[in-house]
Amino acid sequence: MSKLIINIKQLTQVRSKDISFVKPERMNELPSISDAFLFVKNGVIADYGKMSEIPNFGDIETINAKDKIVLPAWCDSHSHSVFTGNRSDEYMQRIKGATYEDIAKNGGGILKSSNQIKSISLEDLFQESKKRIKSLIRQGTGALEIKSGYGLSYDSELKMLEVTNRLKNSLPIEIKSTFLGAHAVPKNYKKEEYFNLVIDKMLPEFVDKKLVDFVDIFCEQNYFSSDDTKLLCKRANQLDIRVKIHTNQFNSIGGIRAGVDNGALSVDHLEVMTRDDINALKNSKTMPVLLPGCSFFLGIDYANARDLLSNGISFAIASDYNPGSCPTGNMNFILSLACNKLKLTTQQAINAATINGAYAMGVSDKTGSISKGKIANLLITDKIDSIDDLPYYIGDNLIEKVLIKGEEFN
Ligand code: NIG
Ligand code: FE
């Protein structure tokens, strides 16, 4: 039950438990203790400090982390990691010149994944997703938000949410479930007709079944409008459910303003931004979530992280793991991309992938930093020279051990 990590070269992201996210002017700081110990009791961080001041913990299981860095596990606040099948055919079409939007118009994209979800049993979807998420945990993810949105019918959305609920009960990491019924309009439906089904029937019934932590919508041309987004926010607020919004991926159509004005927890993507979008985010409690893996894979613009910082706006980074626009949930790779393409320092990227990510999925009181009383979801790196080695070795995971609630995850 107890565990001690000793001789830690650098214990990184050490913060007081009441810091729920890191402000932009502080994102370049990663408070650390060199030559440190960390003590875990009952799955929780119970103590930490300098080796020179280590108390006598008696005869307990001990990990020697000499020359290694210890940091909080990744908090991936945006994923569609419950899915089946793949869309490698579309990848090849895009390489030959088709756009994401072209493919969607021809019945591919989200609608293709939705057909694949319809024909798989709940049990098989659960087993497939569990295997996938176990591999994410081995890569260092200790908190994961999972969206529905490939069901696009009452029964299939319910199936996805039930799978996520079973994952919550069978995996040791923090999992949050987001209902994304308003992801696309299914065939044979008018947009209004389907959207009404989402907000009048699916949302309240799924909330009632306790399957929903958050609700999401794809606010984009040819999908759902900013008025739809406002209405969804209002309904969610009545049900006491926070909103996360896919917006500004291809066009700026008012999704950010709608979200901020209606108390959204996060606005995600933000590859295309206007001055009004930036102004809406200033001084708001809504966390922007940037998804560089999606820009990389689709070959679209990257979000302008530097512009957010210079306007006093914090943000998180997340994977967006899904079969269409980012078929990886490897947060080590996302960290590398964030440094390389969003031009972040290692410190900014780690803050964005830990405590700010935790905030964007409502778990920053439990995880995302090395703080007494938070759960012991920890990464122990290989022997490395510096924290900068993490983003530098692109495509490599320099994580030697992942501890979830203090237990090594294999
Ligand atoms: O976040 N943009 C909307 N939704 C997903 C992609 C879904 C898909 O293409 O399957 C995203 O990129
Ligand atoms: Fe997404």
Side-chain angles (χ1 to χ4, degrees), residues 76-91 93-94 98-118 129 132 144-152 156-157 160 164 176-186 214-225 228-229 232 243-253 255-256 259 264-272 287-303 316-329 331 334 337 357 360-361:
D76 185 355
S77 67
H78 183 137
S79 95
H80 309 247
S81 47
V82 167
F83 65 84
T84 185
N86 80 44
R87 307 218 308 258
S88 57
D89 54 337
E90 297 177 4
Y91 182 41
Q93 287 171 37
R94 275 203 313 281
T99 65
Y100 183 84
E101 285 135 316
D102 295 336
I103 290 166
K105 272 189 198 131
N106 292 324
I110 295 167
L111 295 184
K112 177 171 175 189
S113 293
S114 165
N115 286 333
Q116 292 167 321
I117 285 285
K118 272 189 187 73
S129 305
R132 181 179 301 125
L144 180 68
E145 181 259 15
I146 305 175
K147 300 174 195 294
S148 69
Y150 290 129
L152 306 183
S156 293
E157 284 294 316
M160 292 191 74
T164 301
K176 290 287 182 186
S177 171
T178 299
F179 171 54
L180 174 56
H183 196 192
V185 180
F214 305 115
V215 61
D216 198 338
I217 183 168
F218 189 16
C219 181
E220 183 56 60
Q221 267 171 32
N222 301 324
Y223 291 84
F224 297 92
S225 67
D228 297 333
T229 304
L232 184 94
V243 179
K244 295 165 70 65
I245 304 172
H246 280 75
T247 188
N248 295 56
Q249 182 178 6
F250 301 106
N251 298 282
S252 170
I253 62 166
I256 292 184
L265 178 60
S266 74
V267 283
D268 303 33
H269 275 287
L270 280 47
E271 290 88 348
V272 176
M287 180 66 76
V289 178
L290 313 184
L291 309 168
C294 172
S295 299
F296 174 80
F297 190 71
L298 292 184
I300 61 174
D301 285 346
Y302 286 83
I317 55 172
S319 72
D320 199 17
Y321 191 7
N322 76 79
S325 67
C326 187
T328 179
M331 285 294 285
I334 300 301
L337 278 182
M361 59 184 285

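Just so you know, ligand 1 is whichever comes first in the structure, and atom 1 is the first atom listed for that ligand. From a predicted model like this one, the values you see are computed outputs, not experimental measurements.
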Original post:
Parallel, tilted or perpendicular for H183 and H80, by the 30°/60° rule?
Top reply: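 Parallel.
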
Original post:
Is the distance between the Fe ion (ligand 2) and the nearest N/O/S atom of H78 smaller than 2.8 Å?
Top reply: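 For H78, the answer is yes, given that an N, O or S atom comes within less than 2.8 Å of the Fe ion (ligand 2).
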
**OP:** Measure the distances from the heavy atoms of Y223 to every atom of ligand 1 and state whether one is below 4.0 angstrom.
**Re:**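 Heavy atoms of Y223 never come under 4.0 Å of ligand 1.
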
Subject >> N/O donor-acceptor pair under 3.5 Å between N248 side chain and V272 backbone >> reply: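 Indeed, once roles are kept as given, a pair shorter than 3.5 Å links the two residues.
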
Any side-chain donor paired with an acceptor under 3.5 Å for [X] and [Y]?
X: S266; Y: K244; value: yes
X: S113; Y: R87; value: yes
X: D268; Y: H246; value: no

Identify the protein heavy atom lying closest to [atom], giving its residue, its atom name and the separation to 0.1 Å.
atom: atom 10 (O) of ligand 1; result: Y150 OH, 2.6 Å
atom: atom 6 (C) of ligand 1; result: Y100 OH, 3.3 Å
atom: atom 11 (C) of ligand 1; result: D320 OD2, 3.2 Å
atom: atom 12 (O) of ligand 1; result: S325 OG, 2.6 Å

**OP:** Any atoms of ligand 1 less than 4.0 Å from a non-hydrogen atom of H246? List them with their elements.
**Re:**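 Ligand 1 atoms under the 4.0 Å threshold to H246: 1 (O), 2 (N), 3 (C), 4 (N), 11 (C).
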
Original post:
Closest to the Fe ion (ligand 2), which N/O/S atom of D320 is it?
Top reply: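 Per the distance ranking, D320 contributes OD1 as its closest N/O/S atom to the Fe ion (ligand 2).
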
**OP:** List the atom of E157, the atom of L180, and the distance in Å for their closest heavy-atom pair.
**Re:**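 Closest pair (atom of E157, atom of L180, distance): OE1-C, 4.1 Å.
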
Subject >> Closest approach of P186 to L152 (non-hydrogen atoms, all atoms of both residues) >> reply: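 Result for this residue pair: CG-O, 3.5 Å.
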
Subject >> Options E90, H80, H78, H183, ranked by nearest heavy atom to atom 3 (C) of ligand 1, top entry >> reply: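 Checking each option, the heavy atom nearest atom 3 (C) of ligand 1 is found in H183.
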
Subject >> At the Fe ion (ligand 2): angle between H80 atom NE2 and H246 atom NE2, to 10 degrees >> reply: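 Rounded to 10°, it measures 100°.
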
Subject >> For ligand 1, the portion of Q249 having any non-hydrogen atom under 4.0 Å away >> reply: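 Side chain only.
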
